[in-house]
Protein chains: 2
Amino acid sequence: MEMRKPSRGRPRSFDEDAVLDAVMRAFWEHGYEGTSVATLEAATGLKAPSLYGAFGSKEVLYHAALERYAREHGNVLRPDGPAREAISEFLYEAADQFSESGLPPGCMVSTAALALGVAQRGVATRPATMRSETLAGIEQRLRTAITEGELPAGTDAGALARLFGAVIQGMSVQAIDGATRRELRGLATAAMAAWPR
Amino acid sequence: MEMRKPSRGRPRSFDEDAVLDAVMRAFWEHGYEGTSVATLEAATGLKAPSLYGAFGSKEVLYHAALERYAREHGNVLRPDGPAREAISEFLYEAADQFSESGLPPGCMVSTAALALGVAQRGVATRPATMRSETLAGIEQRLRTAITEGELPAGTDAGALARLFGAVIQGMSVQAIDGATRRELRGLATAAMAAWPR
DNA sequence: TCATTTCTGTAGTGGTCGCTAAATAATGCC
DNA sequence: GGCATTATTTAGCGACCACTACAGAAATGA
């Protein structure tokens, strides 16, 4: 990681981690284009030059916020135990996380940067890559379950992974639209009925 | 609808329908905030005063584009026959529509206006309402299927409707991320396995 | 022909966008 | 204390935002 060298010069007047948390929430709630630097100033209490001095640009700030989101609020597929339980747990955790009070609804990655102006096209690639990595992770987990006999040999792991990924993405949309935790959990329950038997 | 009164005055130099189609595609691909009036000028070949004279503002133009999308590219649940076939057909049609070449990927409604700046908050309500109407339509169709005995009496129609809605929304996300028609159809197939038995 | 009506193009409006130069403030090193 | 270094504040940069006043152009009605 980065070294924290400077004991020389004027010290930072803010906690970089707390600032990044506020930035993350702003981007999470209003997206990349919907969050202006003025918004970030209001959310952090800092002025633009401090933000730029500490991070560099709105775009790297967004990427830093994305990484922080993945680290602090990201959901991971439990690698051990039956795949069915891992997926089920994954969906229920998503239902809970997407409806956590005190945080923006939905998922910062699942429904991020789906429509941007041409000038900001590049911003969308990182969230899109994260989504495809999630799909790939689910698919791999299902493939292992097939070779271990937990799933039938003919199971279409790719399609099933896309299904559970779509469920997560749809839960994010519906959470933003105001779905309750109870409703999202019910959705997760209904989705698990698609598990091959 | 609107009357076409004026035979007086200079006539329009453009086909309003063709212009609205171009506007719809621009908003569909780049979203509300990602589409500037300059973008719309380029997409339509018109100058701003013509657009404003014919429609009024960027926001009503967006709403007009949404209505056109629903009318021209919208997907409806077939009201007759078995509910299972209606839902299945609905999903496969979505898979095809979201991956139609020559049109922007994904659905203009399913993943629209999920993150906007505070000043544009109001723009999101119409797409959100359209999504909730779709969910309500699916749920009603499932309730009917329950009373007619096609589905078990204990079926949670609301949760199942949210599931199929989430599948549509997730297919839109994945189409935007580059999923092929074949992959989206496989997703639809996997989703139908959640149909209660 | 001429007045009226409506549309189009030019050329802007004030406001906000992301970003930064320059001055000032706060620290460590000598 | 003096100097180098780094951070913050003030003020403002050019570019773009959605939108529009105004003048000219193109139609109809008299």
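Small disclaimer: the values here were computed from a predicted structure and weren't measured. Labels below follow one simple rule: chain letters A, B, ... track the order of the sequence lines, proteins then strands, and each chain is numbered from 1.
Salt bridge status for A:Glu29 with A:Arg25: absent, with no side-chain N to carboxylate O gap under 4.0 Å. Look at A:Glu67 and A:Arg126 and you find a salt bridge, because one of the NZ, NE, NH1 or NH2 atoms lies within 4.0 Å of a carboxylate O, short of that distance.
Among all heavy-atom pairs drawn from A:Ile87 and A:Met192, the shortest one is CG2-SD, 3.9 Å.
By the side chain to side chain contact (heavy atoms under 4.5 Å, CB included) test, A:Asp156 is found to be paired with A:Ala159, residues two or more places apart in sequence or in another chain being considered. In this view, A:Ile146 and A:Leu151, A:Thr155, A:Ala157 satisfy the side chain to side chain contact (heavy atoms under 4.5 Å, CB included) rule, not counting sequence neighbours. Residues forming a ring pair (Phe, Tyr, Trp, His ring centres under 6.0 Å) with B:Tyr69 (at least two apart in sequence, or on another chain): B:Trp28, B:His73.
In this model, the phosphate group of D:dT8 is approached by a side-chain N or O of A:Ser13 to a distance below 4.0 Å at OP1 or OP2.
There is no side-chain donor-acceptor pair under 3.5 Å between B:Gln169 and A:Gln169.
Rounded to an integer number of Å, the gap from NZ of A:Lys47 to P of C:dC17 is 16 Å. The CZ-C1' distance, from B:Arg12 to D:dA25, rounds to 16 Å in whole Å. The distance between atom CD of B:Glu59 and atom P of D:dC19, rounded to the nearest whole Å, is 8 Å. Atom CD of A:Glu41 is separated from atom P of D:dA11 by 14 Å (rounded to the nearest Å). The interatomic distance linking B:Phe55 (CZ) with D:dT20 (C1') rounds to 18 Å, in whole Å. At whole-Å resolution of the value, CD in B:Gln120 and P in D:dC17 are 13 Å apart. Residue B:Lys58 contributes atom NZ, which lies 14 Å from atom P of D:dT20 at whole-angstrom precision. Between the P atom of D:dA7 and the CG atom of A:Leu46 lies a distance of 12 Å, rounded to the nearest Å.
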Practice prompt. Can you check each nucleotide of nucleotides 20-30 of chain C against protein heavy atoms at under 4.0 Å and return B for base, S for sugar-phosphate only, - for none, in 5' to 3' order?
Written response: BB---BBBSS-

Per-pair distances, 0.1 Å, donor-acceptor, side chain in residues 103-119 of chain A, under 3.5 Å, sequence neighbours excluded:
unit_1, atom_1, unit_2, atom_2, d
A:Thr111, OG1, A:Cys107, O, 3.3
A:Thr111, OG1, A:Ser172, OG, 3.0

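DNA chain C is contacted by A:Thr35, A:Ser36, A:Val37, A:Ala38 of residues 25-39 of chain A, taking any non-hydrogen atom closer than 4.0 Å.
A cation-pi geometry, defined here as NZ or CZ lying under 6.0 Å from the six-membered ring centre and within 45° of its normal, does not hold between B:Lys58 and B:Phe27.
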